[in-house]
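Worksheet: the structure to be examined is printed underneath.
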Amino acid sequence: MGAVEQLTTGDGVRLVYRDSGGEGFPLVMLHGWGQTQEMFRHQVRGLSPAHRVITLDFRGHGVSDKPYHGYRIARFAADVLDLVDHLGLDRFDALGWSMGASVWWSFVDQYGTGRLRRFVAVDQPAAVAAVPWMSVEEQRQSGAIFDVAGLLALGAQLAGPGGEQARYEFVRGMFSGDPDPAILSFVAEQIKATPAHAGVPLLFDHCAQDWRDVLPRIDVPTLVIGCDGSHVHPRSQQFVAQRIPGARLHVFPVTVANSHFPFLENPPAFNDVVGAFLSEQPDPVDHTGVNV
């Protein structure tokens with residue numbers, strides 16, 4: 001599974017990460033809100049040794065520190081910069097699932113794409129909350145899951161005395177039909193590691209972002225992955241793919257995966273799609289005009 005290691009961020013927070021090591025090209029994988037790097041346990045095994053797989057528990061998540069500061073997507077992107085600098089990665093592939101994709105979009109917004117070779121965005125809307133100045137069509141395209149009032153209500157539930165039940169119901173809503181009990185139980189258990197003081201402000205910041213203006217500036221080969229059985233509508237993933245120049249779209253049908261978690265439900269199918277994209281030969285020409 002790779003060595004479990006840690007680093008300290010620029011603002012003094014201890015983050016725990018896993019590095020599979022080896023000679024493969026680095027792949028940095030970022031998890032979603034309230035989850036952990038354990039989401040990718042099948043990818044650490046399945047994508048190595050062809051790739052050097054690196055995963056991370058964000059601050060406030062998993063076994064990383066849970067301070068009382070820094071629960072903003074921009075700070076999370078800075079934490080990722082601390083990670084890749086710590087590892088000395090001048091070039092790497094990037095995969096983000098759910099909020100992890102938003103963290104990469106923030107990374108691109110602040111630091112550019114110069115260190116990215118390829119990018120995989122998994123099941124993340126361009127904007128989660130439907131702000132009042134969006135038209136109905138813009139809300140539909142961006143994949144907005146709820147309006148601002150709904151976001152505030154969810155935050156209140158998560159921060160309140162019924163927070164544990166609210167977390168479970170939030171997770172359950174990410175599965176269609178009858179999920180595999182073991183997978184649902186695993187996901188519901190992982191989310192318990194994120195306390196309300198971390199999860200609630202982060203969720204608000206995450207959902208309030210609108211990344212539509214960043215997408216056209218992603219100038220590296222990109223794969224967008226959606227899932228027919230997810231609470232994130234596949235048309236939102238089509239919109240993301242259309243906004244990123246030259247991006248491709250792969251949507252898993254419900255016969256392959258039936259939730260927001262295709263990498264857990266069907267690891268071989270997920271690993272095949274991601275592995276094929278990352279390992280294409282000959283390599284594309286990147287935005288600098290140099291074969292990578």
Side-chain angles (χ1 to χ4, degrees), residues 5-19 25-33 37 40 51-61 64-65 67 69-122 124-128 202 205-224 240-241 243-247 274 277-278 283-292:
E5 304 182 43
Q6 62 184 39
L7 75 147
T8 301
T9 66
D11 64 340
V13 178
R14 182 189 60 91
L15 301 181
V16 175
Y17 68 93
R18 178 175 285 122
D19 185 351
F25 197 79
L27 167 63
V28 183
M29 306 182 71
L30 302 182
H31 65 78
W33 178 86
Q37 63 185 314
F40 299 130
H51 307 280
R52 177 187 170 189
V53 181
I54 297 153
T55 60
L56 168 74
D57 279 343
F58 288 130
R59 66 174 65 202
H61 295 69
S64 288
D65 282 352
H69 66 273
Y71 296 107
R72 291 173 291 276
I73 297 298
R75 177 63 248 186
F76 277 42
D79 290 348
V80 173
L81 180 64
D82 285 341
L83 171 67
V84 296
D85 283 348
H86 172 78
L87 293 171
L89 302 181
D90 294 327
R91 295 280 282 172
F92 53 88
D93 293 333
L95 182 148
W97 159 67
S98 197
M99 188 192 72
S102 295
V103 174
W104 282 123
W105 291 337
S106 181
F107 185 98
V108 168
D109 190 34
Q110 297 179 80
Y111 313 119
T113 58
R115 294 168 76 168
L116 303 187
R117 186 183 70 159
R118 290 182 177 84
F119 174 52
V120 182
V122 183
Q124 171 58 33
V128 178
L202 176 63
D205 184 82
H206 163 47
C207 294
Q209 304 296 326
D210 182 347
W211 302 107
R212 289 177 296 168
D213 65 316
V214 176
L215 301 180
R217 294 186 279 133
I218 299 174
D219 54 1
V220 298
T222 297
L223 173 66
V224 179
V240 170
R243 294 281 290 175
I244 299 175
V274 172
F277 173 70
L278 297 180
D283 286 334
V285 174
D286 75 354
H287 60 286
T288 65
V290 178
N291 285 324
V292 292

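As a basis for the values below, the full set of heavy atoms in this structure was taken, side chains included, without hydrogen atoms, waters or symmetry mates. Model, not experiment: these values are computed from the prediction.
The nearest pair of heavy atoms linking A77 to S106 is CB-OG, 3.7 Å. Across every non-hydrogen atom of R217 and D213, the tightest pair is NE-O, 3.5 Å.
To the nearest 0.5 Å, the span separating OG1 on T55 from CG on L95 amounts to 11.5 Å. The CD1 atom of I244 sits 10.5 Å away from the CG atom of D219 when rounded to the nearest 0.5 Å. Taken to the nearest 0.5 Å, the CG atom of L87 stands 4.5 Å off from the OH atom of Y17.
At least one donor-acceptor pair closer than 3.5 Å links the side chain of S64 to the backbone N or O of V16. The backbone N or O of V220 lies less than 3.5 Å from a partner atom in the side chain of T222, making a donor-acceptor pair. No donor-acceptor pair closer than 3.5 Å links the side chain of D109 to the backbone N or O of V214.
Aromatic ring orientation, F76 versus F58: tilted (interplanar angle from 30° to 60°).
The residues D57 and R18 are annotated as not salt-bridged, no charged nitrogen and carboxylate oxygen being separated by less than 4.0 angstrom.
Side-chain polar atoms of H51 and D93 form no donor-acceptor pair below 3.5 angstrom. Inspection of the D82 and T9 side chains reveals no N or O donor paired with an N or O acceptor under 3.5 Å.
For the pair L15/D65, no side-chain contact is recorded, criterion being any heavy-atom separation below 4.5 Å from C-beta on.
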Before giving the answer on salt bridge (Lys or Arg N to Asp or Glu O under 4.0 Å), spell out for D11 and R59 the whole-Å C-alpha distance, their side-chain angles and the decisive distance to 0.1 Å. CA-CA 11 Å; D11 64 340; R59 66 174 65 202; 2.8 Å; yes

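Both the sub-6.0 Å distance and the 45° axial angle are satisfied by R117 relative to the ring of F25.
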